[in-house]
Amino acid sequence: MKREFVSKIGFVSTRFAGTDGVSLEATKWAEVLTQEGYECFWYAGLLEKEKGIYMCVPEAYFKHPENEWINQKIWGHTHRTSNVTRRIHDLAEYLKHTLYDFVKEFDIDLLIIENALTIPMHLPLGLAITEFLSETVMPAIAHHHDFYWERSRFQVNCVPDFLDMAFPPRDLYLQHVVINQTAREELALRKGVSSLLIPNVINFHKPPSPPDEYASDIRQEIGLEPEDKLILQPTRVVPRKGIEHSINLLQRLKDPHCKLIVSHPAGDEGSEYQFQLLKLAKSVGVDIRFFGDRVNYKRHVNCYGKKIYILSDIYQQANLVIYPSIYEGFGNALLESFYYKVPIIVNRYPVWVRDIEPKGFKVPVMDGFITDYVLKEAKKLLYDKEYCQKITNYNFNLAERYYSYTILKYGLNTLIQNIYHQV
């Protein structure tokens, strides 16, 4: 990658923290760019980054009170008042000025917008970014993970004008990146803009380190006995993740030593689903445990003196991963399972069907429900160590071919070369 025009890159989103897919993939992009000699800086409302390389603007966080007030007024409604419009504009104007400050403070050459022009969890931030790009003619890359038209909760709204303007915008110097083929086609159809497909990736050329002393007690912290089998659902606790199917699988396994562990918190969609899952699991005799408050992007000890682990710590203790999601933009948990060589069961969500399954991975698949075949395969993967090792080695090698950092590096090289031609 040449650097005559670009040397300092600013990542922009509402949040770069925790273990959500956007934060994880942005970190991978920054890792590859740093290896290529670029400096990376961060702008968001919630950040977990090293000091000196970020600007934290609390109003940019999607859970900031002002943004939550706006969300309550615009989603599920077909009419907005002038007061709502004014407060959207006021917050957008403020955030736009902070973007100017961010670019000036770190002397940014290129912005990478992580999902903030894709899903309108923070509408004013999307407007602020759109206006900033129009006013500055700064080259930028919009990394799209999941569009608003893919989520039912955004379908009824009173802001179609803003959605058309900024999610995403049609900007001459803005390049678009999507993570699956369907998104690429829908973006072209709805917005008339082209995009580059860069799938989610993992550094398969650098195999994971073996478990260390820090994580040696994670099974005890979860509350497992030595003979227990850890069945991992590595997703947030939201309805589209299909956790009830995981409960059904454990019910049918009829092994009291199988424990279902959910590694992520509820996130932005409330706690009612988690409450109902607990009731369901109790009624059918399944042991389910939510461990999301003890897993984050880096290890540390929280204010209660409890160890905080990272995802790799729990993957390396898992006996089986179940991934019954109804919809995923791509599916980080899938690649993580391949990387840590843990067998996985997958629901046939659309991106799996179209983009991933044709590659030839050996994975038991369910089609909206647990079949006898899936149950039989789950037992083989849990209790036949030789069979399990053969399957996981095969999937690791295939994933290394299609979803490694080499793919990401090539895509980023293409995007930055496009900028040189524009300049």
Side-chain angles (χ1 to χ4, degrees), residues 11-18 20-23 26 42-47 54-102 111 113-135 140 142-171 174 190-191 236 238-240 265-273 329:
F11 284 81
V12 176
S13 191
T14 179
R15 168 183 65 182
F16 291 116
D20 66 283
V22 174
S23 297
W42 306 85
Y43 169 105
L46 182 67
L47 291 128
Y54 69 79
M55 176 181 287
C56 182
V57 180
E59 292 83 357
Y61 185 35
F62 66 89
K63 286 190 176 181
H64 186 274
E66 181 66 7
N67 187 62
E68 288 194 323
W69 183 90
I70 290 170
N71 283 340
Q72 291 171 4
K73 301 297 182 182
I74 63 177
W75 307 118
H77 304 280
T78 56
H79 172 73
R80 71 174 187 261
T81 65
S82 59
N83 182 46
V84 174
T85 302
R86 178 180 57 80
R87 288 176 68 165
I88 291 172
H89 282 302
D90 287 349
L91 183 52
E93 187 68 18
Y94 171 77
L95 292 172
K96 182 173 68 175
H97 286 295
T98 65
L99 288 168
Y100 274 99
D101 293 339
F102 172 64
L111 290 180
I113 316 300
E114 288 287 346
N115 225 37
L117 296 175
T118 315
I119 191 165
M121 293 172 63
H122 199 313
L123 185 80
L125 179 60
L127 299 178
I129 295 168
T130 298
E131 291 184 2
F132 174 83
L133 294 178
S134 295
E135 293 169 8
H143 189 189
H144 303 302
H145 296 257
D146 39 7
F147 291 104
Y148 73 85
W149 54 75
E150 298 169 347
R151 299 285 190 91
S152 59
R153 63 183 169 128
F154 298 118
Q155 299 311 301
V156 177
N157 66 80
C158 57
V159 287
D161 48 341
F162 292 143
L163 294 176
D164 185 61
M165 169 189 174
F167 292 90
R170 304 171 182 85
D171 186 283
L174 177 64
R190 293 170 180 265
K191 293 287 186 170
R236 291 183 297 124
V238 294
R240 66 186 176 89
D268 59 301
E269 297 184 28
S271 59
E272 179 62 23
Y273 180 56

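Side chains included, hydrogens not; waters and symmetry mates left out as well; all remaining heavy atoms used. On a predicted model such as this, the values are computed, not experimentally measured, just so you know.
A distance-only check finds a donor-acceptor pair linking the side chain of His122 to the backbone of Glu59 [under 3.5 Å]. Using modelled atom types, one side-chain atom of Asn115 and one backbone atom of His145 make a donor-acceptor pair closer than 3.5 Å. Side chain of Ser23 to main chain of Ala17: a donor-acceptor pair is present (N/O by atom type, distance under 3.5 Å, no hydrogens or angles). A donor-acceptor contact shorter than 3.5 Å links the side chain of Asn67 to the backbone of Met121. One N or O on the side chain of Ser13 and one on the backbone of Glu114 form a donor-acceptor pair closer than 3.5 Å.
If you take CD1 on Ile113 and CD1 on Ile129, they are separated by 4.5 Å, rounding to the nearest 0.5 Å. Leu125 contributes atom CG, which lies 6.0 Å from atom OG1 of Thr14 (distance to the nearest 0.5 angstrom). Note that the CZ atom of Arg15 and the NZ atom of Lys63 stand 7.5 Å from one another [nearest 0.5 Å]. A distance of 6.5 Å separates NZ of Lys191 from CH2 of Trp149, quoted to the nearest 0.5 Å.
Phe62 and Asn71 make their closest contact through O-ND2, 4.4 Å (heavy atoms, listed as atom of the first residue, atom of the second, distance). Shown here for Pro124 and Ala92, the closest heavy-atom pair between the two residues is O-CB, 3.5 Å. In this structure, Cys158 and Pro160 approach most closely via the heavy-atom pair C-CD, 3.2 Å.
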| request: Check the pair His97 / Glu93 against side chain to side chain donor-acceptor pair (under 3.5 Å), numbers first and verdict last. | output: CA-CA 7 Å; His97 286 295; Glu93 187 68 18; 3.3 Å; yes

| task | Apply the test side chain to side chain contact (heavy atoms under 4.5 Å, CB included) to residues Thr130 and Asp171: give CA-CA distance (whole Å), side-chain angles for both, the deciding distance (0.1 Å), then the verdict. | result | CA-CA 8 Å; Thr130 298; Asp171 186 283; over 6 Å; no

| request: Apply side chain to side chain donor-acceptor pair (under 3.5 Å) to Glu135 and Tyr100, showing your working. | output: CA-CA 10 Å; Glu135 293 169 8; Tyr100 274 99; 2.7 Å; yes

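Both tests pass for Arg87 against the ring of Trp69: distance under 6.0 Å to the centre and angle within 45° of the axis.
Qualifying side-chain hydrogen bond (donor to acceptor under 3.5 Å, both in side chains) partners for Ser134, counting only residues two or more places apart in sequence or in other chains: none. Residues that satisfy the side-chain hydrogen bond (donor to acceptor under 3.5 Å, both in side chains) test with Asp90, not counting sequence neighbours, are Arg86. With sequence neighbours excluded, no residue forms a side-chain hydrogen bond (donor to acceptor under 3.5 Å, both in side chains) with His77. Every ring-ring contact (aromatic ring centres under 6.0 Å, His included) that His89 has, sequence neighbours left out, goes to Phe162. Remark: Tyr94 pairs with no residue by the side-chain hydrogen bond (donor to acceptor under 3.5 Å, both in side chains) rule, at least two apart or across chains. For Lys73, there are no salt bridge (charged side-chain N to carboxylate O under 4.0 Å, His left out) partners, not counting sequence neighbours.
For Thr98 and Tyr43, the side-chain atoms include at least one donor-acceptor pair closer than 3.5 Å. At a cut-off of 3.5 Å, with distance as the only test, a side-chain donor of Thr85 or Arg80 sits close to an acceptor on the other residue.
If you look at Tyr148 and Phe167, their ring centroids are not closer than 6.0 Å.
Note on Arg236 versus Asp20: no salt bridge recorded, every NZ/NE/NH1/NH2 to OD/OE distance being 4.0 Å or above. We find that Asp164 and Arg170 are joined by a salt bridge, their nearest charged nitrogen and carboxylate oxygen being less than 4.0 Å apart. In this structure, Lys96 does not pair ionically with Asp101, as no charged nitrogen and carboxylate oxygen lie closer than 4.0 Å.
In this structure, Leu133 and Leu174 have side chains that are in contact, with non-hydrogen atoms separated by less than 4.5 Å. Residues Trp42 and Cys56 are not in side-chain contact: their nearest non-hydrogen atoms beyond the backbone lie 4.5 Å or more apart. Using a 4.5 Å heavy-atom threshold, the side chains of Phe132 and Leu95 count as separate. You'll find the side chain of Asn157 stays beyond 4.5 Å of the side chain of Ile74, heavy atoms only. Counting heavy atoms from C-beta outward, Met55 and Val57 have side chains that approach closer than 4.5 Å. Counting only heavy atoms from C-beta outward, the side chains of Pro168 and Thr118 never approach each other to under 4.5 Å. Side-chain contact check for Leu91 versus Leu127: every heavy-atom pair is 4.5 Å or farther apart.
Below 30°, between 30° and 60°, or above 60°: for Phe11 and Phe16 the angle between ring planes is above 60°, a perpendicular geometry.
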